[in-house]
Number of protein chains: 2
Amino acid sequence: MYTKSIHYDVIDVNLAMRKMTKDECLDDLKHRILSTDLAPGSDLDETALAEHYGISRTPMREVLHRLAGAGYISSTENRGSKVASMDIGTMRTFFQTAPMIYANIASLAAEARTGPQLEDLKAAQRAFTNATAANDAQAAALANHHFHAVIGQMAHNPYLVASLGRLLIDHTRLSQRFYRPASEEEERRIEKAGEQHDAMISAIEAYEAPLALDLSLQHWDLSRDRMERYVRPDPLPVDVVSLKDHRNAV
Amino acid sequence: MYTKSIHYDVIDVNLAMRKMTKDECLDDLKHRILSTDLAPGSDLDETALAEHYGISRTPMREVLHRLAGAGYISSTENRGSKVASMDIGTMRTFFQTAPMIYANIASLAAEARTGPQLEDLKAAQRAFTNATAANDAQAAALANHHFHAVIGQMAHNPYLVASLGRLLIDHTRLSQRFYRPASEEEERRIEKAGEQHDAMISAIEAYEAPLALDLSLQHWDLSRDRMERYVRPDPLPVDVVSLKDHRNAV
DNA sequence: GAAATTCTGAATGTATACAAAAAGTATACA
DNA sequence: TGTATACTTTTTGTATACATTCAGAATTTC
């Protein structure tokens, strides 16, 4: 999915494009929402979107309903759709819920995974490491999303996968900027996330459920650290004058 | 919702009815699926349904997509929709997942509930006791569904509610026949379920999260017992002859 | 007679015209 | 100036005709 990702010039985003199929349209909108290219809370005009994707309003509306069902957008009767918002309440709930779901999903995945799914997972991990190596933050976030979605498939639990899908939407949007290392320390953390992915693959491959669970919790801790560090960064220097001097000195 | 429930003669189910609004259609289909009036796995013909509800295919398709998004039905491209199936694998997963979600939802509900929601919950419980008192198994199952859905709203956690919604669909369908007591013992169990509901209401009202969690686990145990008893009933008597004698003696 | 192929029909999928609802704008009036 | 109300515009919702797809029947071929 993320290897054959759809590419088109960002400049062209608001111009009509050659007839896209309904599924491509669905995938493209998902990617644009996950990458926060479409900001949380922004309005979606079905006529404009239909024109943009070169399909009529009927299938466009169907796509929007599917996105609403999966939690990507929220629609109100007679008042259109908007990209799912991410307010402070959502974030709190997210941090509260994610570890439990992730851990259980990982454990179930290690119990129920199939061979082909394992190959998918390894492919997703390759895409992830490629993206981080290329410093492509957006691709890395999407590849990470896909990696965890595949683990969800492995878990073979439609109930929990419904939660997981919604968690991943917000997780990916939150972490959108994290894979562009701001410091050596950050770079080391991204590296570590990749290593944790590899460890999780091994545990799942060996059907070691408790280990997979434990690793996924460690992975969550790392991810949470980075999100907290982003939400609550180091405060700006108080002594602005000396900072200015320092700048001038460069 | 379950107090002003839609009534129409069961005989009329396959005849066209006076123009229903889209939302009514959605609710009616949900009820018919939850009550297993529409059996798991059965095919849904969108043309026939549209005619039945007196709306055109466009809004009918929208309703079907909404139902698919919520897990009531599953649709395949170019091959229509069918009521979500309930195979042995689904059941296993259900029993595996339900207690965790229910318990966490109950705990969160006790932390976050609002006043109006508490009133909704009490109303749902009244509907439930009325239905059991009237020996209306179907109404009881739907009222029970609503009761737990309201607790889901209280929890204020869209991630877990996505799981809960799907669990409740299967739970309600599984327990469809349970509220028609087959014995005094069964009657006592239904009574106990109602008492547990009351205890949960009190815990939630008092913001006592750990208690609500514990009560919901007890409630689950009872529910699970009854489902197991249904799936694996007492074996038929081996000594058929003596049974026959017994019957004749009556 | 069995297998493959081509029809045929019944369903789903799409486009478009029209209806209804909401939002925005201008005007009248206090 | 501020408010209310009627009108206009924009956007969403619905119906319907048409296109496409798929499953099964009929036909052909070996």
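In what follows, every chain begins at residue 1, and chains take the letters A, B, ... in the order their sequences are listed. What's counted below: heavy atoms across the whole structure, side chains too, no hydrogens, waters or symmetry copies.
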| query | Which part of the nucleic acid, if any, lies within reach of Leu64(A) when heavy atoms closer than 4.0 Å are counted: base, sugar-phosphate only, or nothing? | reply |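 Nothing, no heavy atom under 4.0 Å.
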
Quickly work out the [X] [atom1] to [N] [atom2] distance and round it to whole Å.
X	N	atom1	atom2	answer
Glu62(B)	dT14(C)	CD	P	15 Å
Asp43(B)	dC22(D)	CG	C1'	14 Å
Glu24(A)	dT14(C)	CD	P	13 Å
Met60(B)	dA11(C)	CE	P	15 Å
Asp45(A)	dT10(D)	CG	P	12 Å
Leu49(A)	dT10(D)	CG	P	18 Å
Glu46(A)	dA15(C)	CD	P	14 Å
Tyr53(B)	dG13(D)	OH	P	21 Å

| Is the distance between the ring centroids of His219(A) and Phe147(A) less than 6.0 Å? |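 Not close enough - the centres of the two rings lie 6.0 Å or further apart.
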
When you compare the protein's N or O atoms with those of nucleotides 18-20 of chain D, which come within less than 3.5 Å of each other, and at what distance?
none

Please check the phosphate of [N] (OP1 and OP2 only) for any side-chain N or O of [X] closer than 4.0 Å.
X	N	answer
Arg79(A)	dT11(D)	no
Arg61(B)	dT12(C)	no
Lys22(A)	dT14(C)	yes

| task | Could you give me the CA-CA distance, side-chain angles and deciding distance for Arg113(B) and Leu121(B), then say whether side-chain contact (heavy atoms from CB on, under 4.5 Å) is met? | result | CA-CA 10 Å; Arg113(B) 65 95 175 160; Leu121(B) 191 63; over 6 Å; no

| query | Is the count of non-hydrogen atoms from other residues, nucleotides or ligands lying under 6.0 Å from Arg224(A) atom CZ greater than 12? | reply |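 Counting neighbours around CZ of Arg224(A), more than 12 heavy atoms of other residues, nucleotides or ligands fall under 6.0 Å, so yes.
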
Distance-only donor-acceptor check, side chains [X] and [Y], under 3.5 Å:
X	Y	answer
Thr114(B)	Gln117(B)	yes
Asp170(A)	Thr90(A)	no
Asn144(A)	His197(A)	yes

Measure from the side chain of [X], starting at C-beta and using heavy atoms only, and say which of [options] lies closest.
X	options	result
Thr58(B)	dA23(C), dT14(D), dT12(D)	dT14(D)
Glu77(A)	dG13(D), dC22(D), dA15(D)	dG13(D)
Ser56(A)	dG13(C), dT16(C), dT14(D)	dT16(C)
Thr47(B)	dT14(C), dT12(C), dG13(D)	dT12(C)

| said: Here's a test for you: under side chain to side chain contact (heavy atoms under 4.5 Å, CB included), which of Leu167(A), Leu160(A), Thr97(A) qualifies with Leu160(B)? | reply: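 Running side chain to side chain contact (heavy atoms under 4.5 Å, CB included) over Leu167(A), Leu160(A), Thr97(A) with Leu160(B) returns exactly one hit, Thr97(A).
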
| request: Could you let me know what dA30(C) is paired to, Watson-Crick or G-U wobble, both distances under 3.5 Å, or none if it's on its own? | output: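 dA30(C) is paired, partner dT1(D).
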
